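Written below as structure tokens is the structure these notes are about.
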Number of protein chains: 2
Amino acid sequence: MISDEEQQELAAVESPETKDVQEVPPLSIPDYVHELVTRARQAAGRLATLSTVVKNNALIAMADALDEKQTLLIEANEKDVDAFGTDPDKAAMADRLRLTEQRIADMSAGIREVAKLPDPLGDMPKMWTRPNGMQVGRVRVPIGVIGIIYESRPNVTADSAALCLKSGNACVLRGGSEAIHSNTAIAAVLAEAAEKAGIPPGAISFVDRPDRELVPVLLKQDRYIDVIIPRGGPSLMKTIAENATIPVVKHDAGICHIYVDADADQAMAEAICVNAKAQRPSTCNAMETLLVHQTIARTFLPRLMEKLQAANVEVRGCSRTCQLLPDAKPAADDDFGKEFLELVLAVRVVKNMDEAMEHIAKYGSQHTEAIITTNYQRAMRFLREVDAGAVLVNASTRLNDGYQFGLGAEIGISTSRIHARGPMGLEELTCSKFIVLGSGQIRE
Amino acid sequence: MISDEEQQELAAVESPETKDVQEVPPLSIPDYVHELVTRARQAAGRLATLSTVVKNNALIAMADALDEKQTLLIEANEKDVDAFGTDPDKAAMADRLRLTEQRIADMSAGIREVAKLPDPLGDMPKMWTRPNGMQVGRVRVPIGVIGIIYESRPNVTADSAALCLKSGNACVLRGGSEAIHSNTAIAAVLAEAAEKAGIPPGAISFVDRPDRELVPVLLKQDRYIDVIIPRGGPSLMKTIAENATIPVVKHDAGICHIYVDADADQAMAEAICVNAKAQRPSTCNAMETLLVHQTIARTFLPRLMEKLQAANVEVRGCSRTCQLLPDAKPAADDDFGKEFLELVLAVRVVKNMDEAMEHIAKYGSQHTEAIITTNYQRAMRFLREVDAGAVLVNASTRLNDGYQFGLGAEIGISTSRIHARGPMGLEELTCSKFIVLGSGQIRE
């Protein structure tokens with residue numbers, strides 16, 4: 001029951017270098033995309049009604065397959081890593097990209113975690129009865145086909161495939177060209193294992209061509225793809241804004257602030273600020289700008305500076321900050337509202353909480369905002385008035401995350417205001433349908 | 001505290017014909033749109049934190065104002081209706097457009113109903129505590145600025161303004177050019193009443209220029225408008241697909257089916273079919289195609305035909321239908337999958353439920369689908385496997401509606417698969433933010 005096409009795919013997994021030879025002449029880009037999305041669409045119809053047991057078994061088989069094919073995956077990955085050469089400027093990126101035995105084990109463990117999560121489908125929190133006697137309920141169903149366009153590490157391939165499968169959706173994955181060999185190998189291993197476990201072919205569809213001109217074509221497949229989830233930088237977001245005819249749930253920049261209030265527990269504020277900036281600065285929920293109330297700045301900032309320096313954080317301050325911190329650099333105008341994604345922090349002293357909230361409204365990206373305070377009224381007001389996917393009191397911005405919030409694995413953190421906002425887990429990969437149990441009701 | 005601009009607006013309400021004179025030279029379209037959406041955006045920030053009492057009082061004031069300004073509204077409406085002339089082909093459209101005292105009273109009653117609905121904002125169904133002690137909750141907040149582009153009767157102006165205001169959103173309304181005088185007058189009356197009641201100016205923003213080239217400009221205001229809700233025909237949908245950079249929640253065609261199973265209560269099936277087709281054929285949830293199981297067709301169809309004929313419904317049947325119904329016209333190929341929106345019904349005899357479900361999957365628009373059956377297993381299978389915003393057993397498709405489902409007033413029936421699917425009430429005009437109550441938690 002294995003088609004020629006799948007046999008080719010299998011052959012490609014075993015020996016990727018033979019692929020180009022077999023595929024002459026290649027399909028045109030529109031034909032290639034059409035074939036891919038048609039197959040995904042067909043898979044989606046069948047996926048929607050698969051039992052949880054079948055899906056979980058497939059997920060476990062996918063995890064096992066990654067573990068078994070470690071050597072193959074590492075070989076494919078070496079091609080991507082080697083392409084970066086020995087340029088020291090690119091060493092960090094090459095390192096992010098690198099697959100090790102441990103990282104592959106983490107990927108497969110992630111898939112096993114998804115298998116353990118409750119199936120979101122079929123959930124119907126309540127049914128209610130209308131005056132005419134008909135019962136109405138809203139049941140959770142898959143969205144259909146989810147397109148994910150990403151520029152991140154190869155683990156996103158495995159995470160996305162697992163989350164889409166568990167939520168009954170087919171996925172069309174398009175990774176960055178810098179990870180094309182790694183992603184192609186991972187996707188092929190996962191798709192093969194899934195199919196052997198009874199998942200329809202096409203359920204895990206991967207764009208194995210790095211051509212840049214393919215993305216605009218993909219973004220217009222609104223008949224076949226129901227939603228696009230982009231994860232990447234400004235140039236990807238621009239391509240999507242200009243080309244997508246498919247609804248988009250964005251995973252865009254996080255320009256996150258912490259406001260340290262006049263009434264703050266200073267030790268707590270220090271610990272949270274260092275964590276929010278330095279624990280993993282490349283993430284979207286890391287703090288980029290610190291706002292400090294003027295009455296606490298004189299005591300708080302110098303002590304914080306010591307800890308930040310110990311963590312190799314460069315501080316760029318407003319003029320008042322620089323008066324208090326001789327080691328701080330003066331902030332440029334565009335340092336406020338910038339997503340540094342590295343060990344750099346903009347710091348501004350503010351008159352009061354209103355000024356802090358105005359700053360956040362002006363410069364923030366409505367991703368994650370936090371206040372550190374012991375004052376009840378100001379905590380409540382900050383929670384109510386600050387507009388962001390997540391607003392925290394006395395906690396690190398780094399905690400805005402699906403696992404940390406207890407939602408299970410996440411596909412990312414949505415910066416959209418429709419469909420899903422904040423961490424996007426299995427439930428956010430579904431939609432609903434109303435069902436009505438009637439006994440002959442008509443509209444009067 | 002009334003600005004010059006508002007005074008002009010007020011003057012325009014009192015005597016619309018003076019407006020053109022005052023507004024020479026008019027703003028360019030981009031400038032006009034920019035001014036409108038900027039004002040709406042500013043209003044949105046303040047609207048989000050208004051109390052329920054202020055919003056409800058404003059809604060009641062808006063309803064009162066419509067009642068008080070009946071004469072003015074009817075005068076404005078006459079200009080629109082007169083523009084249709086005496087062409088009998090357009091009589092139905094002109095009639096749909098016409099405002100009467102009764103229709104204005106219905107609009108104001110609709111707004112009062114919205115005032116009575118619970119405020120969806122601030123709702124937080126649960127908070128949960130994570131192992132590290134932080135408490136996490138998801139609270140309902142407004143989307144922000146909602147753009148509504150419609151081609152429907154003028155009551156949509158009042159309904160949309162009321163629903164957006166109640167849910168804490170600013171709205172930018174763009175009605176059809178055929179109703180420009182009516183809609184402009186309604187929107188001005190509503191906006192004036194709302195402002196007097198403490199609602200920020202711009203909260204109810206109306207595009208009072210009929211220029212067609214304005215719509216593509218509006219559809220690119222993604223910095224100011226958070227979501228576009230289009231309600232209209234294929235040409236509007238095409239414009240939106242081609243131009244929108246703003247997320248869209250579509251209100252598209254309803255190609256709705258009823259499948260009458262072999263085991264159906266025939267009297268119930270008759271009553272439901274007549275209701276679904278003829279009670280109000282111009283709506284998106286009216287039945288367009290009837291599918292009848294072959295074993296019941298011989299007895300069921302002739303009896304149904306009598307009732308359909310009594311209701312002036314024209315039947316276009318497949319060849320087997322035409323054998324059973326001498327009065328039926330043969331259906332053309334494209335009659336299946338067509339949204340007639342009038343007293344025309346396509347009828348097909350099917351071998352079994354599988355054939356019916358295949359037909360629905362192929363020709364339906366995933367809007368509203370119903371089965372009439374006394375068989376439990378087939379009812380459950382139809383509910384599970386048919387993919388639509390609403391799937392009904394033994395009830396008329398006309399019941400797929402926000403009021404009928406008990407959701408309160410609706411802005412329309414979404415045919416999107418993301419954000420909202422099916423009837424879209426107050427809750428669907430909101431999004432969420434996570435809030436975290438911490439006590440010093442950091443990411444480990």
Side-chain angles (χ1 to χ4, degrees), chain A residues 45 48-49 128 130 134 136 138 141 143-144 222 226-227 241-242 245 247-249 265 268 271-272 275-276 279-280 361 379 383-385 387-396 398-401 404-406 416-419 421-423 431-443, chain B residues 45 48-49 128 130 134 136 138 141 143-144 222 226-227 241-242 245 247-249 265 268 271-272 275-276 279-280 361 379 383-385 387-396 398-401 404-406 416-419 421-423 431-443:
Chain A
T49 53
W128 56 99
R130 298 295 300 150
M134 73 179 180
V136 183
R138 200 175 206 163
V141 298
I143 291 176
D222 47 89
D226 296 296
V227 62
E242 284 168 3
T245 57
V248 175
V249 176
D265 175 328
M268 181 198 286
I272 288 174
N275 181 263
Q279 191 257 349
R280 203 161 147 210
L383 284 175
R384 199 169 54 238
E385 295 187 16
D387 181 25
V391 184
L392 303 91
V393 178
N394 295 338
S396 169
R398 287 281 296 123
L399 294 165
N400 181 14
D401 169 278
Q404 298 293 329
F405 280 0
S416 282
R417 298 186 75 94
I418 66 159
H419 188 70
R421 194 177 186 208
C431 64
S432 62
K433 73 177 172 191
F434 284 94
I435 66 171
V436 172
L437 305 181
S439 49
Q441 284 81 1
I442 60 172
R443 180 94 173 239
Chain B
T49 54
W128 57 98
R130 298 294 302 149
M134 73 179 182
V136 183
R138 201 176 207 162
V141 297
I143 290 175
D222 46 87
D226 296 296
V227 62
E242 283 168 4
T245 57
V248 176
V249 176
D265 174 327
M268 181 197 287
I272 288 175
N275 182 263
Q279 191 257 350
R280 202 160 147 210
L383 284 174
R384 198 168 56 239
E385 295 187 15
D387 182 26
V391 184
L392 303 91
V393 177
N394 295 340
S396 170
R398 287 280 298 124
L399 294 165
N400 180 15
D401 168 278
Q404 298 293 328
F405 280 1
S416 282
R417 298 186 75 94
I418 68 159
H419 187 72
R421 193 178 187 209
C431 65
S432 62
K433 73 178 174 191
F434 283 95
I435 67 170
V436 172
L437 305 181
S439 49
Q441 284 80 2
I442 60 173
R443 182 95 174 236

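Every value quoted in this text rests on a predicted model; they were computed, and no experiment measured them. Here is the naming used below: chain letters follow the sequence lines, and residue numbers restart at 1 for every chain.
- For the options S396(A), G440(A), A276(A), A390(A), heavy-atom pairs under 4.5 Å to chain B are most numerous at G440(A).
- Atoms CD1 and CD1, from I418(A) and I143(B) in turn, are 7.0 Å apart once rounded to the nearest 0.5 Å.
- For F434(A) against P423(B), the heavy-atom pair with the smallest separation is CE1-CD, 3.6 Å.
- In this structure, chain A has heavy atoms under 4.5 Å from both the backbone and the side chain of N394(B).
- Closest approach of G438(A) to A395(B), counting heavy atoms only: CA-CB, 4.3 Å.
- Neither the backbone nor the side chain of A48(B) comes within contact range of chain A; no heavy atom of the residue lies under 4.5 Å from a heavy atom of that chain.
- If you measure heavy-atom distances from V141(B) to chain A, the contacts under 4.5 Å come from the side chain alone.
- Ranked by heavy-atom pairs under 4.5 Å with chain B, the first of R384(A), H419(A), M268(A) is H419(A).
- With a 4.5 angstrom heavy-atom cutoff, R138(B) touches chain A only via side-chain atoms.
- Interface remark: of the candidates R280(A), Q404(A), M134(A), Q404(A) forms the most heavy-atom pairs closer than 4.5 Å to chain B.
- Contacts with chain B were tallied for I442(A), L392(A), V249(A); I442(A) has the most, counting heavy-atom pairs under 4.5 Å.
- With a 4.5 Å cut-off on non-hydrogen atoms, D401(A) touches chain B through its side chain but not through its backbone.
- With a 4.5 Å cut-off on non-hydrogen atoms, Q279(B) touches chain A through its side chain but not through its backbone.
- Counting only distance, with no hydrogens or angles, the side chain of R421(B) and the backbone of K433(A) share no donor-acceptor pair below 3.5 Å.
- Looking at R417(A), its side chain never comes within 3.5 Å of a backbone N or O of C431(B) through a donor-acceptor pair.
- Heavy atoms only, all atoms of each residue included: T49(B) and E385(A) are closest at CG2-CG, 4.2 Å.
- Here S432(A) is the residue among S432(A), G422(A), A241(A), P247(A) with the most heavy-atom pairs under 4.5 Å with chain B.
- Judged by distance alone, with hydrogens and angles left aside, the side-chain atoms of R443(A) form a donor-acceptor pair with the main-chain N or O of R398(B) at under 3.5 Å.
- The shortest non-hydrogen separation linking V436(B) to L383(A) is O-CD2, 4.3 Å.
- Within the 4.5 angstrom heavy-atom criterion, only backbone atoms of S439(A) (N, CA, C, O) approach chain B.
- Counting heavy-atom pairs under 4.5 Å between each of T245(B), V227(B), I435(B) and chain A puts I435(B) at the top.
- Pairing each heavy atom of W128(A) with each of F405(B), the nearest pair is NE1-O, 2.6 Å.
- The part of V136(A) that comes within reach of chain B is its side chain, from C-beta onward, which places non-hydrogen atoms under 4.5 angstrom from that chain.
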